[in-house]
Amino acid sequence: MAEEVKPPVSFIEQIIIDDIEAGKNGGRIHTRFPPEPNGYLHIGHAKAICLDFGMAQKYGGKCNLRFDDTNPVKEDVEYIDSIKEDIKWLGFDWEDREYYASDYFGKLYDFAVDLIKRGLAYIDDQPADIISSQKGTPSQPGIESPYRNRSVSESLSLFERMNKGEFDEGSRVLRAKIDMTSPNMQMRDPIIYRIIKSAHHRTGEIWKVYPMYDFAHGQSDYFEGITHSLCTLEFEVHRPLYDWLVDQLKTNDYRPRQIEFNRLNLTYTMMSKRKLLELVQESKVSGWDDPRMPTLCGLRRRGYTPGSIRKFVDLIGYTKVEAINDVSLLEHAVREDLNICAPRVFAVLNPLKVIITNYPEGKTENVELINNPEDESMGKREIPFSREVFIEQDDFMENPPHKFFRLAPGMEVRLKGAYIVKCTGYKKDESGDIIEIYCNYDPTTKSGESGSERKVKGTLHWVSAPHAVDAEVRLYDRLFNHDDPAGQKDDDYRSFLNPGSLKILKHCKVEPSLVSASPLDKFQFQRLGYFCVDYDSTKEHLVFNRTVSLKDTWAKIHK
RNA sequence: UGACCCAUGGUGUAAUUGGCAACACGUCGGAUUUUGGUUCCGCAGAGUCCUGGUUCGAGCCCAGGUGGGUCAACCA
C-alpha cells in the first residue's frame with residue numbers, strides 16, 4: 001500500500017556511500033571515536049559515538065576507540081574506565097581495538113624528525129607570548145620567526161635535547177614550516193611539539209616532549225587506517241593542516257578524510273565540560289552522575305535508556321547547521337521507549353487517605369492488574385485492596401472545576417483494577433487542610449466482573465494503606481530555566497539555575513511489589529510518569545528518581 | 001582590514017540532485033481508552049534570508065548583499 005519511503009541519509013553517510021561505490025581506500029570503511037580522557041562523556045559525545053560506530057556497523061566497517069591522550073597534565077586514567085563503560089552502555093563495541101594516541105609517540109617523534117630533515121619543521125627558541133604576537137591576527141598576516149631558517153642539524157640536535165629534558169617547559173617548541181601569511185591561522189607555522197615534564201598516565205617519564213593535537217590526530221588516523229575521520233564543526237579550519245600533514249606522511253593512495261558535522265546543543269542545557277565541572281565542584285549538583293546532568297552517567301541514573309538516546313540522536317540528524325535541539329524531543333524519545341518496556345505500578349506521591357466506610361473492616365482482597373497494556377507478555381500481578389487506601393491529593397477537590405474527572409463530594413470514580421467508589425464526605429484539620437475522604441463502594445463493580453461495565457469519567461491509582469510501602473521520590477526538572485543558559489553574554493549561567501530542579505518527597509506510598517526492585521529498574525508510576533530506582537535505594541529505604549512525567553493534558557488545560 | 005562554514009514551518013531535518021516543498025517533535029481539534037498515558041484521525045503553520053541572473057522551469061546553479069558561526073591555547 002504505502003509508498004516505500006527510503007529513510008534520508010545524512011551528508012556524511014552519502015559521502016560514505018559514494019566512497020564505497022567509487023572504491024576509495026579499497027572500499028573500506030573505518031572510523032574512530034577519539035575522546036580525551038579528561039572528563040565524563042555527555043550526550044553530545046553520544047551523538048559522535050552513534051555516528052562513528054553506527055556508520056562502521058551499517059557499512060561493514062570497523063570503529064576504533066582511541067584515547068586522545070597527548071597532554072599528560074590534563075588527562076587521567078580515572079576517566080578511561082568511565083568512558084569505556086558509557087560507550088558499552090550505549091550499545092557499541094570496539095572489540096580489541098582500544099588504542100591511545102600515546103601508542104604512537106615513537107612514530108610521531110620519528111615523523112617530526114623526518115620533517116625537520118626535510119626542512120619542513122624547526123625549533124623556535126622564543127617564548128609563548130612572542131610566538132603568539134608574531135602569529136598576526138585573523139585579518140593580518142603573521143611574521144616569520146628569526147629561528148625559522150636555522151640549520152637542520154641545529155634543529156635536530158635541539159629537538160633531541162628537548163626530549164632529554166635539558167630545557168625548561170616553555171623554552172622551546174617544534175614548529176611546522178608552512179606559511180606565516182596564510183589566511184588560515186592554523187597554517188601559520190603551527191606548534192607541533194612542546195616540552196612537558198609531567199608524567200604521562202601510560203608512558204610515564206619516557207617523553208619530555210609531547211605532540212599537539214594537530215600533530216597527533218591525523219597521523220593516528222593514518223596509522224590506524226582510518227578512512228573517515230568525523231569530528232565537529234570547530235575543526236573545520238584545522239582540515240587544511242590535517243591534509244598537509246597527511247600529505248607529508250602518505251606513501252600510496254590511501255588517505256583518511258576529515259569530515260565535520262554540527263555539535264549537539266540542547267535547550268535548557270549546558271554542554272561545556274568546563275562549566276559542568278564547575279557545577280560539580282561548586283556542589284550545584286551532587287556529582288557527575290547527578291540525574292540533572294547531561295552526562296551519560298547522569299542520564300543513566302535519571303532512568304534514560306540507551307535505546308532512547310540512540311533514537312534521539314537518530315531523530316536530530318547530522319548537518320553543518322549550528323542548531324539548538326529542543327529537549328522535548330529527547331523526552332519524547334524516552335517516553336516512547338519506556339512506554340513499551342516499563343512495567344506499570346501504583347505509587348502515590350502525595351498521599352491522601354480514603355476510607356471506604358461500607359467495606360468490611362479487616363478485610364483484604366487481591367486485585368489483578370495488567371503489568372503493561374502495550375505488551376501482554378509482561379503478564380499480570382496482584383495487589384492488595386482494603387478498606388483504607390491512599391490516593392493522590394491532586395485527585396480530590398472540594399469545589400471541582402468543570403471537567404474535573406476525579407473525586408469530589410458526591411462524585412464517582414473507579415479505583416483502577418478494583419471498585420467504583422462515591423465520595424460521601426471528608427474531614428479537615430484545624431488549619432483547613434483536607435485529611436480524610438469518606439467513600440462508599442459498589443461491590444458489584446469489581447474489575448473483571450459483570451457489574452464492572454458501568455462507565456465512570458475518572459479512574460484513579462491508589463495504594464492500600466495497611467500494605468503500602470514508604471518511599472522517597474526525587475522529582476527532577478530541568479537544571480536551568482533559560483533555554484540557552486550558557487549563551488547569555490551579560491549573565492552568568494549560574495543565575496539561570498532552576499531552584500525547583502529537584503524536589504524530594506519523603507513520604508510517598510508505593511505498592512508492596514516494589515520492595516524487591518533494584519537500582520536502575522524502570523517503572524511507570526501509573527498516571528504520573530516514568531521512574532527508576534536510584535543507587536541510594538535499599539529494601540528498607542526505597543528511593544526513586546523521576547525520569548520524565550507522563551504527558552498531562554489536564555495540567556495543560558488547567559494552567 | 002582576512003579566510004572558511006552555514007541559512008527551508010515554532011524546533012530539528014527531507015526534497016529522487018533543476019520538476020507540485022515532505023517528515024518528526026511541538027501546538028490545536030476529535031475518536032478510542034479502567035492511565036486526562038498509549039493508539040488512531042484531522043487542522044493549522046514555511047513558499048525556502050534579500051536582490052538580481054541563467055533556464056520552459058530554481059529551495060537546489062551563478063553573482064552580489066544581509067545575518068549567524070568558527071579561527072589569533074606550548075588545550076582537544
Side-chain angles (χ1 to χ4, degrees), chain A residues 5-10 34-36 38 68-71 73-75 101 124 127-128 131-133 135-142 169-175 182-188 190-196 209-210 212-214 216-217 231 233-240 260 262 267 273 315-326 328-333 335-336 339-340 344 346 369-370 373-374 403-406 413-418 420 445 447-448 452 455-461 524-530 549-558:
Chain A
V5 187
K6 64 174 181 187
V9 299
S10 69
E36 183 186 13
N38 71 341
D68 217 331
D69 56 351
T70 56
N71 188 350
V73 312
K74 292 177 68 179
E75 294 141 10
D124 195 330
I131 291 178
S132 165
S133 66
K135 212 146 202 180
T137 69
S139 57
Q140 284 171 305
E169 289 189 10
S171 62
R172 270 172 248 262
V173 290
L174 179 66
R175 294 228 257 166
S182 170
N184 183 338
M185 299 283 294
Q186 313 302 321
M187 300 297 273
R188 321 239 262 230
I191 292 167
I192 56 180
Y193 258 99
R194 76 292 211 191
I195 300 169
I196 297 177
V209 292
Y210 289 88
M212 299 283 290
Y213 163 84
D214 286 301
H217 201 97
C231 63
L233 252 21
E234 66 270 25
F235 291 101
E236 209 150 19
V237 287
H238 291 244
R239 195 183 340 129
E260 310 85 13
N262 61 347
T267 54
K273 263 192 204 174
L315 247 22
I316 61 177
Y318 299 88
T319 68
K320 304 191 71 146
V321 185
E322 297 180 47
I324 301 176
N325 294 274
D326 201 322
S328 66
L329 191 59
L330 213 210
E331 291 172 349
H332 168 259
R335 285 196 188 102
E336 192 177 66
N339 179 45
I340 304 299
R344 303 294 98 157
F346 283 175
L369 287 159
I370 291 167
E374 307 296 321
K403 284 192 168 173
F404 181 79
F405 302 143
R406 304 179 187 183
V413 293
R414 172 172 291 283
L415 296 177
K416 189 176 169 74
I420 292 174
T445 57
S447 290
S452 70
K455 299 289 178 203
V456 283
K457 274 292 196 182
T459 301
L460 306 185
H461 63 281
Q524 184 196 98
F525 285 2
Q526 202 112 99
R527 299 212 302 136
L528 297 173
Y530 295 99
S549 64
L550 247 32
K551 280 206 259 178
D552 190 345
T553 312
W554 172 246
K556 208 154 51 183
I557 294 170
H558 214 61

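Throughout, protein chains are lettered first and strands after them, A, B, ... in sequence-line order, and every chain is numbered starting at 1. All values derive from a computational prediction rather than experimental measurement.
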Return the pairing partner of [N] with a 3.5 Å limit on both distances, Watson-Crick or G-U wobble; otherwise return none.
| N | result |
| --- | --- |
| B:rA63 | B:rU51 |
| B:rC40 | B:rG30 |
| B:rG57 | none |
| B:rA76 | none |
| B:rA46 | none |

Would you kindly give the [atom1]-to-[atom2] distance between [X] and [N], to the nearest whole Å?
| X | N | atom1 | atom2 | answer |
| --- | --- | --- | --- | --- |
| A:R239 | B:rC5 | CZ | C1' | 9 Å |
| A:I324 | B:rC6 | CD1 | C1' | 14 Å |
| A:E322 | B:rG12 | CD | P | 12 Å |
| A:M185 | B:rU70 | CE | P | 15 Å |
| A:R188 | B:rC4 | CZ | C1' | 13 Å |

**Asked** Contact class for A:E374 vs. all strands (heavy atom < 4.0 Å): base, sugar-phosphate, or nothing?
**Response** base
**Request:** Determine, for nucleotides 18-29 of chain B in 5'-to-3' order, which nucleotides have protein heavy atoms under 4.0 Å from the base (write B), from only the sugar-phosphate (write S), or from neither (write -).
**Result:** -------SSSS-
**Asked** Looking at residues at least two apart in the chain, or sitting in another chain, which of them share a side chain to side chain donor-acceptor pair (under 3.5 Å) with A:K551?
**Response** none
**Residue of the set A:R344, A:K416, A:R527 for which side-chain contact (heavy atoms from CB on, under 4.5 Å) holds with A:H461** = A:R527
**Whole-Å P distance, B:rG30 and B:rA44** = 16 Å
**Message:** What's the gap between B:rU66 and B:rA73 when it is taken at their C1' atoms, as a whole Å value?
**Reply:** 33 Å
**Asked** Are the ring of A:W554 and the six-membered base ring of B:rG36 within the stacking cut-offs of under 5.5 Å and under 30°?
**Response** yes
**Message:** As a test of the definition: with a 90° window around 0 for syn, would you call B:rU17 syn or anti?
**Reply:** syn
**Message:** Can you tell me how far apart CD1 (A:I557) and CZ (A:F404) are? Round to the nearest 0.5 Å.
**Reply:** 12.5 Å
